[in-house]
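Let me begin by presenting the structure, written as structure tokens, before commenting on it.
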Amino acid sequence: MARYPKPAAGSWTEHYPQLGTGPVSYEDSISPEWYQQEREAIFKRAWLQVGRVEQIPRTGRYFTKDISAANTSIIVVRDGDDVRAFHNVCRHRGNKLVWQDFPNEDTSGTVRQFTCKYHGWRYGLDGSCVFAQQEGEFFNLDKADYGLVPVHCDVFAGFIFVNFSEQPAQSLREFLGPMLLGVEDYPFGQMTDRYAFRVECRSNWKVFSDAFMEFYHAPVVHVGQHLSPLRAAITQMGYEAPHYQVEGAHGLVTTAGSLHRVWDMPKENVKPADLATRSGLFGPWDKSDLGELPPGINPGKVDPWGLSSFQFFPNFAILIWEAGWYNTHQFWPTSHNTLLFEGNVYSLPAKSASERVGREMAAVSFKEYSLQDANTLEATQLGLESGVIDQFPLNDQEVLVRNFHKATADWVHEYEHELAKA
Ligand code: FES
Ligand SMILES: [Fe+2]
């Protein structure tokens with residue numbers, strides 16, 4: 001029997017009738033042709049999160065980011081109050097403008113101007129071409145015509161988003177919509193302790209994202225994190241979330257606090273390392289006091305509240321935890337069956353050595369869990385690619401997975417429709 005009430009329609013899935021309840025095809029996760037369509041329809045048209053404003057605190061601070069799915073690299077730079085983004089391509093003869101040591105690796109730093117490593121053309125922070133070497137050798141060259149190619153860029157709650165459309169169909173705020181805008185007043189800007197990691201994985205970007213949209217797998221994939229007296233009980237108990245929400249292509253799942261209060265468990269059931277550091281996957285046990293949180297963090301009014309996982313279509317998620325910290329996941333496809341996963345863990349700056357140890361423990365636990373997922377998802381990709389089965393049943397806890405695959409298909413089909421009209 002369900003531990004939490006379902007919506008009046010009988011289930012979360014039926015509460016969103018556009019989703020249907022039938023089996024779902026995963027052809028979208030094994031087809032190279034479909035991935036090419038996703039690149040055009042989604043990664044070159046949706047707003048994509050690329051970093052935080054704290055990464056570029058002063059004028060001239062920049063970072064670059066390769067976005068394989070959009071077939072480009074970008075430069076994101078602070079220019080006074082403005083955050084700007086440009087394609088990372090020199091206007092003279094197409095050299096990748098900003099890189100260090102290895103052309104295909106991202107970099108960051110501080111500059112007054114960007115100087116091309118090939119023939120020394122220079123660009124201001126606003127992208128304008130300010131110097132062409134031996135300018136007189138060119139033919140009627142007007143530098144004003146040769147600024148860096150801008151990329152639409154906007155900031156929400158300190159998160160920097162870019163959009164590769166010539167003219168985005170929606171502003172960033174319209175694209176995000178009310179549910180995601182609800183996180184706006186969370187004190188992200190104060191949480192400057194950051195642990196980051198990235199890993200390359202051999203699975204489709206959606207197959208990987210799926211595992212971060214449902215907790216149905218948690219009592220199985222992650223049970224090894226627990227000491228043996230608990231394992232059988234956890235697997236048998238299963239998991240259920242008290243609240244799901246779908247808003248267009250975006251999603252939200254909220255968990256209840258009582259289910260993951262590791263610190264309330266009998267001590268013999270808690271890992272010695274967690275006990276010693278008073279920390280673990282669910283973050284440091286000693287809660288950071290952030291004051292009252294905005295109501296949009298827990299729109300389902302789940303009490304006791306544990307965490308809210310906001311899924312930003314297409315490839316970004318913010319998880320806000322009751323203990324006063326947050327983390328992000330991002331899934332960057334590099335081909336139809338490979339991706340780059342980026343995880344970040346953020347909290348208030350540690351005020352003592354023990355707090356620091358707690359934060360590091362939380363970060364390594366998070367990484368350990370993510371790698372458990374990554375391992376399984378490579379196996380899932382192999383199974384899907386065998387092509388033996390195409391129709392897969394999804395349960396009510398997989399409602400966000402169902403919505404996500406539908407949303408990617410909708411974006412591809414709408415784009416094709418637009419092209420056909422043009
Ligand atoms: S390609 Fe950049 S200066 Fe020539
Ligand atoms: Fe997982």
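Just so you know, ligand 1 is whichever comes first in the structure, and atom 1 is the first atom listed for that ligand.
The minimum heavy-atom distance linking R202 with E378 is given by the pair N-OE2, 2.8 Å.
Counting the atoms of ligand 1 from 1 in the order shown, those under 4.0 Å from a heavy atom of N95 are 1 (S). Close approach of ligand 1 to G120 is summarised as follows: ligand atoms under 4.0 Å from at least one heavy atom of the residue are 3 (S). Close contacts of ligand 1 with C90, meaning ligand atoms under 4.0 Å from a residue heavy atom, involve 1 (S), 2 (Fe), 3 (S). Interface of W121 with ligand 1, defined as ligand atoms under 4.0 Å from a residue heavy atom, comprises 3 (S).
Applying the ring pair (Phe, Tyr, Trp, His ring centres under 6.0 Å) test between F188 and each of F159, W325, F310 identifies F159 as the sole match.
Interatomic distance, N88 CG to I75 CD1, rounded to the nearest 0.5 Å: 4.0 Å.
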- Query: ring pair (Phe, Tyr, Trp, His ring centres under 6.0 Å) between F43 and W205: does it pass, once the steps are laid out?
  - Reply: CA-CA 12 Å; F43 288 92; W205 67 287; 4.9 Å; yes
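Looking only at its N/O/S atoms, H92 has ND1 as the one nearest to atom 4 (Fe) of ligand 1. Of all N/O/S atoms in H217, NE2 sits nearest the Fe ion (ligand 2).
Taking 2.8 Å as the criterion, C116 does not count as a coordinating residue of atom 4 (Fe) of ligand 1, since none of its N, O or S atoms falls below it.
When the heavy-atom distances from atom 4 (Fe) of ligand 1 to R93, Q133, K96, H119 are ranked, the shortest goes to H119.
In this structure, F208 and F331 have tilted ring planes: the angle between them lies in the 30° to 60° band.
Judged by a 6.0 Å distance limit and a 45° cone about the ring axis, R198 is not positioned over the six-membered ring of F341.
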